[in-house]
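To start, the structure itself, in structure tokens.
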2 protein chains.
Amino acid sequence: MYEDWAEQFRVLGDATRLRILMLLGIRDACVCELAAVLPVSQPAVSQHLRRLKQAGLVVEYRQKSWMFYRLRPDLPEHVRRWLADMPVDPGDAAWLRTHHAEAACGLASASDPVRPTN
Amino acid sequence: MYEDWAEQFRVLGDATRLRILMLLGIRDACVCELAAVLPVSQPAVSQHLRRLKQAGLVVEYRQKSWMFYRLRPDLPEHVRRWLADMPVDPGDAAWLRTHHAEAACGLASASDPVRPTN
DNA sequence: TCAAGTCATAAGTATATGCTAATATGCTAA
DNA sequence: TTAGCATATTAGCATATACTTATGACTTGA
């Protein structure tokens with residue numbers, strides 16, 4: 001009866017996944033950006049993102065060769081509140097600010113990323 | 001940085017622990033009551049309660065030979081909201097209603113359980 | 001003091017988890 | 001089509017977790 005709820009909590013029960021969620025709370029990011037910031041390998045990032053996606057916490061969209069991830073727009077209110085209460089790592093925020101997606105991923109700054117409709 | 005938060009989520013990331021929390025949301029209960037309701041052994045219940053206690057989610061108090069556990073009165077608002085949003089297992093609620101602590105644990109019904117001051 | 005009941009702890013086991021390295025897949029641009 | 005990059009998947013490993021049984025510690029009442 002509580003297994004689905006427990007699974008939701010387990011998804012949030014990893015520091016790396018929480019950090020990914022907070023990073024995506026600053027702005028959308030592609031896998032290579034996350035892998036550059038986080039102290040784990042790219043496959044590890046991919047695996048975390050897969051789990052977050054399966055849990056319905058993030059969505060993905062392709063931008064040229066890059067898979068961008070973003071927080072799901074209609075996150076459950078519980079999750080929104082939790083994330084709002086957690087502090088953003090200043091270093092993470094600075095990194096995402098100084099390394100714009102255009103530069104980091106070679107996107108032309110003129111073209112705004114095409115976001116999924118939902 | 002997020003390890004403490006992740007740990008909080010991991011504590012909630014187990015169906016048995018969630019069920020214990022929901023049971024204690026109905027009324028305080030002793031270990032043997034919880035072990036009677038749950039499909040796990042008494043040591044398993046004790047181990048879960050220890051973890052819940054370390055996480056600051058429950059407190060314990062002795063009543064004769066029984067160790068009663070209750071939700072910590074000043075639970076973080078996050079947790080309160082999560083618990084409020086989760087459904088109570090009807091079977092669990094019925095069990096705690098029909099098996100009063102007095103009968104289940106041999107307490108005289110005249111004496112209200114002495115609760116801790118906090 | 002002692003027997004019975006209650007709970008906690010210890011030891012052992014099976015499964016889940018998070019990571020890495022290696023490899024496969026897929027997209028883009030020439 | 002093909003080269004090169006970005007991402008996903010696989011296999012393997014170390015650790016964490018949840019459970020059991022066995023046992024120890026504590027409380028109560030006779």
Side-chain angles (χ1 to χ4, degrees), chain A residues 2-3 6-20 28-55 58-70 99 101-108 111 113-114, chain B residues 2-3 6-20 28-55 58-70 99 101-108 111 113-114:
Chain A
Y2 297 109
E3 194 45 56
E7 171 57 22
Q8 285 284 114
F9 284 116
R10 274 196 298 274
V11 171
L12 298 175
D14 178 85
T16 301
R17 277 195 293 275
L18 287 181
R19 196 167 163 194
I20 288 176
D28 301 1
C30 62
V31 180
C32 61
E33 288 179 301
L34 297 174
V37 181
L38 300 169
V40 297
S41 66
Q42 171 267 316
V45 173
S46 274
Q47 289 159 12
H48 283 307
L49 288 169
R50 178 172 54 183
R51 184 134 186 213
L52 291 170
K53 185 175 61 176
Q54 286 173 343
V58 304
V59 293
E60 61 186 359
Y61 60 97
R62 178 172 291 279
Q63 184 74 5
K64 301 200 175 178
S65 340
W66 301 277
M67 291 299 301
F68 276 78
Y69 285 79
R70 66 186 306 204
H99 297 70
E102 296 78 25
C105 296
L107 294 178
S111 68
V114 176
Chain B
Y2 297 110
E3 194 45 57
E7 171 57 23
Q8 284 285 114
F9 284 118
R10 275 196 297 272
V11 171
L12 298 174
D14 178 86
T16 301
R17 276 196 294 276
L18 286 182
R19 195 167 164 193
I20 289 176
D28 299 1
C30 63
V31 179
C32 62
E33 288 179 300
L34 296 174
V37 182
L38 300 170
V40 297
S41 67
Q42 171 267 316
V45 173
S46 274
Q47 288 158 12
H48 283 306
L49 288 169
R50 178 173 51 182
R51 185 136 185 209
L52 290 170
K53 187 175 58 176
Q54 287 173 341
V58 304
V59 294
E60 61 184 359
Y61 59 97
R62 176 171 292 279
Q63 185 73 6
K64 300 199 176 179
S65 341
W66 302 278
M67 290 300 298
F68 276 77
Y69 284 80
R70 65 185 308 206
H99 297 71
E102 297 78 25
C105 296
L107 293 178
S111 69
V114 175

Quiz item: Quick one: do the D28(B) and Y61(B) side chains pair a donor with an acceptor below 3.5 Å?
Solution: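 Yes.
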
Tell me: [atom1] of [X] to [atom2] of [N], nearest whole Å?
| X | N | atom1 | atom2 | answer |
| --- | --- | --- | --- | --- |
| F9(A) | dT17(D) | CZ | P | 17 Å |
| M67(B) | dA8(C) | CE | P | 6 Å |
| F68(A) | dA8(D) | CZ | P | 13 Å |
| L49(A) | dT9(D) | CG | P | 11 Å |
| W66(B) | dC7(C) | CH2 | P | 8 Å |
| E3(B) | dT15(D) | CD | C1' | 13 Å |
| E33(A) | dC5(D) | CD | P | 18 Å |
| L34(A) | dT7(D) | CG | C1' | 12 Å |

Nearest heavy-atom approach of A15(A) to A6(B) is N-CB, 3.5 Å

Computed from five pairs at either end and rounded to 10 degrees, the angle between the axes of the helix from dT1(C)-dA30(D) to dA30(C)-dT1(D) is 30°

Note, [X] side chain near [Y] side chain (heavy atom, < 4.5 Å):
| X | Y | answer |
| --- | --- | --- |
| V11(B) | F9(A) | no |
| V31(B) | F68(B) | no |
| R19(A) | L38(A) | yes |

Hey, does S65(B) reach any base, or is it just sugar-phosphate, or nothing, if we go heavy atoms under 4.0 Å?
sugar-phosphate

When you measure from the side-chain N and O atoms of [X] to the phosphate of [N], is any distance below 4.0 Å, counting only OP1 and OP2?
| X | N | result |
| --- | --- | --- |
| Y61(B) | dC7(C) | no |
| Y69(A) | dA6(D) | no |
| R50(A) | dA8(D) | no |

Task: Short side-chain to backbone donor-acceptor contact, Q47(B) and A44(B), under 3.5 Å - done: no

Are the side chain of R10(B) and the backbone of G13(A) linked by a donor-acceptor contact shorter than 3.5 Å?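 Yes, R10(B) side chain to G13(A) backbone: donor-acceptor pair under 3.5 Å.
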
How far apart are the C-alpha atoms of C32(B) and W66(B), what are their side-chain angles, what is the distance that settles it, and do they pass the side chain to side chain contact (heavy atoms under 4.5 Å, CB included) test? CA-CA 8 Å; C32(B) 62; W66(B) 302 278; 3.9 Å; yes

Quick tally for nucleotides 14-20 of chain C: nucleotides whose base has a protein heavy atom under 4.0 Å get B, sugar-phosphate-only ones S, the rest -, giving ---SSBB

Sequence neighbours excluded and cut-off under 3.5 Å, please list the side-chain donor-acceptor pairs for residues 48-55 of chain A, or say none.
residue	atom	partner	partner atom	Å
H48(A)	ND1	R17(A)	NH1	3.1
R51(A)	NH2	E7(A)	OE2	3.3
K53(A)	NZ	E60(A)	OE2	3.1

